[in-house]
Number of protein chains: 2
Amino acid sequence: MSSELPDLATGPAGAAPTLSEVAKRAGVSSITVSRVVRMPDLVAPETRARVEQAMRDLGYVPNLVAGALASARTNSVGVLVPTIANSIFADTVQGLSDKLEPLGFSVILAQSRYDAAREDRMLAALLSRRPEAIIMVGSPATEEGSRLLRNARIPIVETWDLPANPIDAVAGFDNYQAGVAVAKHLAAQGRKQLAFIGGDDPRGTRRWLGYRDEALASGLAEPRRLILDRKDSGSVAAHARLPGVDAVFAANDAHAIGFMSGLRKAGVLREGPASAQPVAVIGLGDLEMGQLISPTLSTISVHGDAIGRTAATLTLERGGERRIDLGFELVLRDSG
Amino acid sequence: MSSELPDLATGPAGAAPTLSEVAKRAGVSSITVSRVVRMPDLVAPETRARVEQAMRDLGYVPNLVAGALASARTNSVGVLVPTIANSIFADTVQGLSDKLEPLGFSVILAQSRYDAAREDRMLAALLSRRPEAIIMVGSPATEEGSRLLRNARIPIVETWDLPANPIDAVAGFDNYQAGVAVAKHLAAQGRKQLAFIGGDDPRGTRRWLGYRDEALASGLAEPRRLILDRKDSGSVAAHARLPGVDAVFAANDAHAIGFMSGLRKAGVLREGPASAQPVAVIGLGDLEMGQLISPTLSTISVHGDAIGRTAATLTLERGGERRIDLGFELVLRDSG
DNA sequence: TCGCCTTATGTTAGCGCTAACATGGAACAA
DNA sequence: TTGTTCCATGTTAGCGCTAACATAAGGCGA
């Protein structure tokens with residue numbers, strides 16, 4: 001109802017007021033209004049006050065679209081993630097926003113849903129808005145995406161991995177070594193038959209490769225690999241599909257917790273420490289939830305928000321180190 | 001290293017190519033190129049092929065900033081949420097993105113961090129990019145924010161609540177009634193001393209009010225209310241601060257799970273059904289995690305993604321019902 | 001054959017703003 | 001006095017694109 005009758009007390013009736021309307025009302029030229037908005041120190045206090053009054057009277061909201069075109073600066077950053085829901089990438093988006101928003105940058109968010117074609121479309125859509133940088137999880141899935149980014153001539157930050165040939169900058173950790181660390185730990189714990197559950201996206205696959213290679217190097221049998229789709233439900237039923245397995249590395253904590261839920265139903269979950277567990281479980285991500293469940297979840301801790309903040313920093317400074325390894329940490333709790 | 005030496009094979013050396021450069025190369029006028037991009041059916045097949053070739057040769061990426069200024073359409077939507085990390089609002093953002101991205105809209109994301117001043121700043125920043133609609137969680141915290149939105153003359157969708165005097169459109173549920181439903185259930189279960197834990201944001205407070213009113217109406221003692229900050233850690237310790245309480249409604253599932261973790265440490269968590277629990281726990285949000293833990297979490301189920309999709313629909317169609325109550329559901333599992 | 005419609009393409013002006021370069025006056029040292 | 005410098009403000013042109021209105025060339029019925 002009130003949507004049809006906007007507040008006329010302060011706002012104007014028709015289209016949004018422009019710089020020059022403010023200028024006319026304040027009796028100055030448009031450039032002076034522009035300066036009041038962007039570099040108020042260059043304007044005499046009385047003039048400034050007059051302009052500010054006019055802006056208030058008219059309810060002026062600067063048009064950054066026009067400003068961006070004129071100045072060739074959009075003050076925006078494109079962010080591409082596989083998904084934001086139920087996911088650890090949300091921390092990364094939060095981290096980079098917290099760094100960029102106070103500097104006047106807006107975040108243009110796009111989701112690829114782990115789909116290469118959609119990723120390319122989103123990349124093209126982002127670039128057509130002329131962001132001053134692109135931050136993405138992982139690397140472009142296609143040659144076309146890679147080419148688009150290379151030609152864009154803006155800072156590009158790939159995150160959550162350490163690609164061998166990055167387009168520009170990198171903020172991540174070594175997924176292969178994460179897999180190695182988990183396998184090494186499980187072998188040292190005396191586990192004999194390892195398994196890996198999770199997706200087959202590039203980062204998950206790298207974790208798997210490190211895990212498998214290290215298991216083999218430790219003299220264990222080749223681990224089993226169960227590829228699950230994105231619904232956690234699969235992980236709950238995973239135990240039945242992994243007979244004889246006494247240790248599981250899940251590609252992320254959500255899968256790990258789902259798997260543990262399956263173990264619980266099957267009666268093979270103990271309240272005691274890792275050594276008491278018939279099946280060890282290690283996750284990745286270090287969700288807060290992992291510390292709240294019982295047994296508490298052992299995990300590879302990764303700082304998603306630090307990745308985001310670091311990526312933001314890399315978009316702002318063009319010089320300096322362009323490859324930041326934020327590392328990971330094997331956090332041992334009761335599950336394995 | 002390679003960041004300094006971009007791929008010149010396909011891309012041009014200098015600035016990004018413009019429409020008119022493509023036009024020159026294809027031997028047509030700029031408007032024809034513009035048509036090939038936006039309304040290809042209006043261009044003869046041979047001309048179109050020539051233009052498309054020229055675009056490929058030059059690596060042309062349309063400049064939507066200029067297009068938006070000329071056409072007064074930005075094809076973008078501003079989205080304001082308190083926070084995206086570890087939160088149920090991520091589902092809403094996902095839902096609305098899934099609906100809007102295929103239609104060519106970009107999502108400009110901003111976070112208020114439950115801070116009124118920051119919310120106003122973000123609102124102003126969003127509006128200066130001339131989005132074609134604003135979708136936000138809740139309602140503006142200040143009169144200033146409200147005024148800004150009213151004057152913007154674009155669809156505004158408030159979500160996750162059903163405000164009495166919305167600015168324009170609404171997609172949410174009745175938080176007060178959610179509190180009522182929980183209190184009613186707990187009273188029927190024979191619980192005597194209720195408590196509420198969670199934040200004091202507007203929506204959390206409305207849940208509290210419904211919960212309290214219903215408890216009193218059922219003849220129970222006034223429930224206790226424990227206001228926690230945004231860190232879940234507080235909820236783990238909450239039990240010690242609520243002596244004598246036999247039922248807890250947590251403002252969200254994260255708090256509920258944290259609280260249950262505290263109960264577990266205190267030895268007052270049973271494996272059996274709700275009736276066996278010394279302290280009943282009900283959450284809100286229906287995180288997937290709630291079904292994976294033990295005992296499984298009873299909760300008010302809310303469809304965050306449906307809220308997002310509905311909000312997206314409301315931004316696209318200006319007519320029709322502007323107030324959509326998506327409801328909620330009390331899902332009873334083992335925790336209470 | 002002529003006018004009229006259709007289809008394909010072009011011309012012109014301008015979206016709202018800012019970069020870059022004036023301009024004009026006050027302050028000030030020599 | 002006469003530059004020289006600084007400060008406050010203005011003028012001009014144009015960012016890259018699209019809306020709106022031409023224009024030109026065929027097709028076609030009468």
Side-chain angles (χ1 to χ4, degrees), chain A residues 12 14-52 54-55 58-76 104 125 127-132 152, chain B residues 12 14-52 54-55 58-76 104 125 127-132 152:
Chain A
T18 66
L19 247 200
S20 65
E21 291 175 75
V22 175
K24 190 178 296 173
R25 180 174 248 265
V28 297
S29 70
S30 343
I31 192 70
T32 298
V33 179
S34 177
R35 288 194 183 108
V36 169
V37 172
R38 296 177 305 134
M39 315 118 101
D41 293 351
L42 296 185
V43 180
E46 310 83 56
T47 315
R48 187 158 79 214
R50 209 143 30 87
V51 170
E52 282 165 347
M55 294 199 295
L58 296 174
Y60 176 66
V61 177
N63 185 331
L64 246 54
V65 177
L69 181 60
S71 67
R73 295 215 46 192
T74 57
N75 282 280
S76 65
L127 289 172
S128 67
R129 300 198 182 265
R130 298 291 189 268
E132 300 190 19
Chain B
T18 65
L19 246 201
S20 65
E21 291 175 72
V22 174
K24 192 178 296 173
R25 179 175 248 265
V28 297
S29 71
S30 346
I31 193 69
T32 299
V33 179
S34 177
R35 288 194 184 109
V36 168
V37 172
R38 297 177 306 133
M39 315 119 101
D41 293 349
L42 295 186
V43 180
E46 310 83 57
T47 314
R48 188 159 79 214
R50 207 143 31 86
V51 170
E52 282 165 347
M55 294 198 296
L58 296 174
Y60 176 67
V61 177
N63 185 331
L64 246 56
V65 177
L69 181 60
S71 68
R73 296 216 45 193
T74 57
N75 282 281
S76 64
L127 290 173
S128 67
R129 299 195 182 266
R130 297 293 189 268
E132 300 190 20

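The chains referred to below are lettered A, B, ... by the order of the sequence lines, with proteins before strands, and numbering in each begins at 1.
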Problem - First of Ser71(B) and Arg50(B) reached from the 5' end of DNA chain C, by closest nucleotide - result: Arg50(B)
Exercise for the section: Answer yes or no: is there a side-chain heavy-atom contact under 4.5 Å between Val28(A) and Val33(A)? Expected result: yes
Practice task
With sequence neighbours left out, write down each residue that passes salt bridge (charged side-chain N to carboxylate O under 4.0 Å, His left out) with Arg73(A), or none if nothing qualifies.
Solution key: Glu132(A)
Handout entry: Under 3.5 Å donor-acceptor, Thr74(A) side chain and Arg130(A) backbone
Key = yes
Practice task
Look at all strands and tell whether Ala72(B) reaches a base, only sugar-phosphate, or nothing, counting heavy atoms closer than 4.0 Å.
Solution key: nothing
Practice task
Identify the two heavy atoms, one from Ser20(A) and one from Ser30(A), that lie closest to each other, and give their separation to 0.1 Å.
Solution key: CB-OG, 4.1 Å
Problem - Atom-to-atom span, NZ of Lys24(A) to P of dG10(D) - whole angstrom - result: 15 Å
Exercise for the section: Rounding to 10 degrees, work out the angle separating the end axes of the helix from dT1(C)-dA30(D) to dA30(C)-dT1(D) (five pairs an end). Expected result: 40°
Practice task
Select base, sugar-phosphate, or nothing to describe what Val28(A) touches, counting heavy atoms under 4.0 Å on all strands.
Solution key: sugar-phosphate
Exercise for the section: Any chance you could measure Leu42(B), atom CG, to Arg48(B), atom CZ, to the nearest 0.5 Å? Expected result: 9.5 Å
Fill in the blank from the handout: Assert: residue with more 5' nearest nucleotide on DNA chain C, out of Pro45(B) and Pro62(A), is Pro45(B)
Problem - pair Thr32(B)-Thr47(B): side-chain heavy atoms closer than 4.5 Å - result: yes
Practice task
Answer with base, sugar-phosphate or nothing: what part of the nucleic acid does Arg38(B) contact at a heavy-atom distance below 4.0 Å?
Solution key: sugar-phosphate
Exercise for the section: May I ask you to say what Val43(B) touches in the nucleic acid, namely base, sugar-phosphate or nothing, with a heavy-atom cut-off under 4.0 Å? Expected result: sugar-phosphate
Exercise for the section: Measure from CZ on Arg35(A) to P on dC7(D) and round the result to the nearest Å. Expected result: 14 Å
Handout entry: Side chain to side chain, Arg129(A) and Ser76(B), heavy atoms closer than 4.5 Å
Key = yes
Handout entry: Heavy-atom contact window of chain B on DNA chain C, given 5' to 3' at under 4.0 Å
Key = dA8(C) to dG16(C)
Practice task
Find out whether Arg50(B) and Val43(B) are in side-chain contact, i.e. whether some heavy atom of one side chain is under 4.5 Å from a heavy atom of the other.
Solution key: no
Practice task
Would you indicate whether the side-chain heavy atoms of Thr18(A) and Glu21(A) approach each other to under 4.5 Å?
Solution key: yes
